[in-house]
Amino acid sequence: MQVLNIYNSLTNKKEVFKPLQEGYVGMYVCGPTVYSNVHLGNVRTFISFDLIYRYFLHLGYKVRYVRNITDAGHLTDDTAEDKISTKARLEKLEPMEIVQKYTIDFHHILEKFNALPPSIEPTATGHLIEQIEAVQTILDNGLAYEVNGSVYFDVLKYNEKENYGILSKRKIEESIENTRDLDGQSDKKNPQDFALWKRAEPEHIQRWNSPWGAGFPGWHLECTVMSTKYLGEQFDIHGGGMDLKFPHHECEIAQAQACYHKAPVNYWMHGNMLTFNGRKMSKSTGNNILPEEIFTGESKFLSKAYSAGVVRFFMMQAHYRSILDFSDEAVLAAEKGYNRLMEAVEILQGLEPGKTSTYEVSEWKEKCYDAMNDDFNSPVLIAHLFEAVKQINLMKVGKASLADADLKSLKETLYAFVFDVLGLEDKAKSEGDSNKLSGIVNMMIELRNEARANKDWALSDKIRDDLQKLGVQLKDGKEGTTFTLN
RNA sequence: GGCGUCGUGGCCGAGUGGCUAGGCAGGGCUCUGCAAAAGCUCGUACAGCGGUUCGAAUCCGCUCGUCGCCUCCA
């Protein structure tokens, strides 16, 4: 078995993956704040970590995958109301109605993208007691202070003994110099301090009682508390989007160190951003697209609808640590490749073994694993899968063959990577009335063959072209005519 | 302004000190009644300028540009 290498954001290097406990992986990924529909950028991060989760499972690890739901609103600055409250006010709903609505949307969309659910999906509001305890612990350890019912983490004091900036590679002195002017109303001793607990103003709906009065938890705290609760004070992998590296993950490290006096995470992993038509996706500028709009094709940015599988494949064609740009043109190209891959998978099912093998399957298989073992390099894996596609097509036309054992190995490996690891769905499976449809199309193929036998080209071409318009493509081969659905 | 990232052929996107992925699009050929599909085949790219080296797209420096973070964000 080859060695799995993971790029660790903490060291900025690829490192051999060694789990704390042989055979087990503890992985925490920062989930969404459920205050509106998930956008495609969010989805990319979760699909990236779904690939990682799936590969661990494929390798036989027992994985505990924890991904939180942030359902407590967090302030965007010192004065404004939080996102969930804002949304609640706008939609005239209870905050928890907002939370429920968009949690359901989140699950629904991820299911469409064939992302496996995490093992545990804890919510921030479900762990208030633990968060209050953590605040108290940090206070007791002298690394936080209370002001007017709020509790702040004392970053400068923490930095005397620990390294605030260990993950983001920021120097605290520089951040002090470069801090923008705040409104002066802040209770913080220093601008880089962050809230562990915030006093709730009277109009703030989401509020809980605490030793410091009614309030709500700071944003960074929930992840520290929930990851510790379900994975322990030290665990293997913590993931999230690149934009969470600072301050969120930096603060998580500081909080965990302040509570338990040890580094919480062995491997930090950060997925890169998805841009849209060359720019950052942003709800505020309108440069964004909702998954639902992709499935229906109802968007001024798209020429047609795309299936979730195609979009997933498109994302897998880029490495998770690279910025990926989503555009109609790029996805259109991916769709064609996706179809070719899936068609080959189907063809492979009906292939018979030959006497000898003209292709080195074991070598190919090893290359596939090498790719994934190199920091989950799905684009290179896919390149190798297309090598198999080529061989499959050659076998189909009788220009290549595989002996029984090799054919079996090719099937096993290809199915494992396509379905289990990449999580691409079997198209035939998702087509509902496929039996009826194929019966009808096969009847049309017979009629066309009769017309062709009679050299009635006008009729045979009409059948072919009309079917094409309906998205049914006929393929004439040596063994007869087959069809695919576009 | 600070920190970081990246700059690859028409497009998307890997990779890496010498053997130069892959997908899409395009040209040619085979197959075909014509097509499509499939197969074969052709495009020799790594921002610019210096340097290190027998040899760099790959390492170093500078310049230009991109994007991101520095404030809620996957």
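Below, read A as the first sequence line, B as the second, and so on, with proteins coming before strands; counting in each chain starts at 1. Bear in mind that the values here come from a model prediction, so they are computed numbers and not experimental data.
B/G7 adopts an anti glycosidic conformation, its chi angle falling more than 90° from 0.
For A/Pro379, the side-chain atoms get nearest to B/A21 when compared with the rest of B/G23, B/A74, B/A21. Looking at the side chain of A/Ala333, the nearest of the listed nucleotides B/C24, B/C40, B/A21 is B/C24. Listed nucleotides B/A38, B/A74, B/A14 differ in distance to A/Ala318; the shortest reach to its side chain belongs to B/A14. Listed candidates were B/A74, B/G22, B/G39. Nearest to the side chain of A/Ala383 is B/G22. Here the nucleotide nearest the side chain of A/Asn393, chosen from B/C12, B/C70, B/G39, is B/G39. You'll find that the side chain of A/Gln473 is closest to B/A37, out of B/A74, B/A37, B/G22. Ranking B/C24, B/G22, B/G33 by closeness to the A/Arg448 side chain, first place goes to B/G33. Taking every side-chain heavy atom of A/Lys399 into account, B/G39 is the closest of B/G33, B/A74, B/G39. Taking only side-chain atoms of A/His39, from C-beta outward, the nucleotide of B/A36, B/A74, B/C34 with the closest atom is B/A74.
In RNA chain B, runs of at least 3 consecutive Watson-Crick or G-U pairs, each pair with both distances below 3.5 Å, span B:1-4 with B:67-70, B:10-12 with B:22-24, B:26-30 with B:38-42, B:47-51 with B:59-63.
Ranked by how close their nearest RNA chain B nucleotide is to the 5' end, A/Gln391 and A/Gln317 are led by A/Gln317. Comparing A/His319 and A/Arg464 by the nucleotide of RNA chain B whose heavy atom lies nearest to each, the residue mapping closer to the 5' end is A/His319.
Counting non-hydrogen atoms under 4.0 angstrom, A/Asp461 reaches a base of the nucleic acid. Residue contacts for A/Lys455: at a heavy-atom cut-off of 4.0 Å it reaches no nucleic acid atom on any strand shown. Counting any heavy atom pair closer than 4.0 Å across all strands shown, A/Gly240 reaches sugar-phosphate atoms only and no base atom. Residue contacts shown for A/Gly31 are limited to sugar-phosphate atoms, with no base heavy atom under 4.0 Å away. At the heavy-atom level, A/Leu332 lies nowhere under 4.0 Å from the strands shown. Using a 4.0 Å heavy-atom distance criterion, A/Ser460 is classed as a base contact.
Residues A/Gln317 and A/Ser378 have side chains that never bring a donor and an acceptor to within less than 3.5 angstrom of each other.
By the 30° and 60° cut-offs, the orientation of the rings of A/Phe194 relative to A/Phe153 is parallel. Taking the six-membered ring for Trp and thresholds of 30 and 60 degrees, A/His248 and A/His220 have ring planes inclined between 30 and 60 degrees apart.
Electrostatic pairing of A/Asp50 and A/Arg312 counts as a salt bridge here, judged by a charged N lying under 4.0 Å from a carboxylate O. Ionic pairing of A/Arg464 and A/Asp461 is present here: one or more N-O contacts between side-chain nitrogen and carboxylate oxygen are shorter than 4.0 angstrom. Salt-bridge formation is not detected for the pair A/Asp456/A/Lys462: no Lys NZ or Arg NE/NH1/NH2 atom is positioned less than 4.0 Å from an Asp or Glu carboxylate oxygen. Using a cut-off of 4.0 Å between Lys/Arg side-chain N and Asp/Glu carboxylate O, A/Arg199 and A/Glu201 are scored as salt-bridged.
For the side-chain hydrogen bond (donor to acceptor under 3.5 Å, both in side chains) test with A/Thr224, the passing option among A/Gln255, A/Gln131, A/Glu252 is A/Gln255; the others fail.
Put simply, the side chain of A/Asp476 and the base of B/A35 share a donor and an acceptor less than 3.5 Å apart.
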Anything under 3.5 Å between a donor and an acceptor, one on a side chain of residues 110-123 of chain A, the other on a protein residue two or more places apart or in another chain? List them.
| from | atom 1 | to | atom 2 | distance (Å) |
| --- | --- | --- | --- | --- |
| A/Asn114 | ND2 | A/Gly423 | O | 2.9 |
| A/Ser119 | OG | A/Tyr65 | N | 2.6 |
| A/Ser119 | OG | A/Tyr65 | O | 3.3 |
| A/Glu121 | OE1 | A/His107 | NE2 | 2.5 |
| A/Glu121 | OE2 | A/Arg67 | NH2 | 3.3 |
| A/Glu121 | OE2 | A/His107 | NE2 | 3.3 |
| A/Thr123 | OG1 | A/Gly126 | N | 3.2 |

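When rounded to the nearest whole Å, the span between CD of A/Glu250 and C1' of B/C70 equals 12 Å. In this entry the distance linking CG of A/Asp328 with C1' of B/C12 reads 13 Å, nearest Å. Residue A/Trp364 contributes atom CH2, which lies 16 Å from atom C1' of B/A21 at whole-angstrom precision. Rounded to whole angstrom, the span from the NZ atom of A/Lys304 across to the C1' atom of B/C24 amounts to 14 Å. Whole-Å rounding puts the A/Phe216 CZ to B/C72 C1' distance at 13 Å. Atom NZ of A/Lys245 is separated from atom C1' of B/U71 by 18 Å (rounded to the nearest Å).
The phosphate of B/G39 has neither OP1 nor OP2 within less than 4.0 Å of any side-chain N or O from A/Lys390. Regarding contacts with the backbone of B/A14, a side-chain N or O of A/Ser322 is found under 4.0 angstrom from either OP1 or OP2. One finds no side-chain N or O of A/Asn377 lying less than 4.0 angstrom from the OP1 or OP2 phosphate oxygen of B/A14.
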Side chain to side chain donor-acceptor pair (under 3.5 Å) evaluation trace for A/Thr125 with A/Asp71: CA-CA 6 Å; A/Thr125 57; A/Asp71 59 349; 2.5 Å; yes
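Stacking annotation: A/Phe46 is not stacked on the base of B/A74 (requires ring centroids less than 5.5 angstrom apart and an interplanar angle below 30 degrees).
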Summary of protein contacts for nucleotides 5-10 of chain B, nucleotide by nucleotide, where a base hit scores B, a sugar-phosphate-only hit scores S (4.0 Å, heavy atoms): ------
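Separating the CG atom in A/Leu474 from the CG atom in A/Asp476 is a distance of 7.0 Å, to the nearest 0.5 Å.
At least one donor-acceptor pair under 3.5 Å links the side chain of A/Asn454 to the backbone N or O of A/Glu450.
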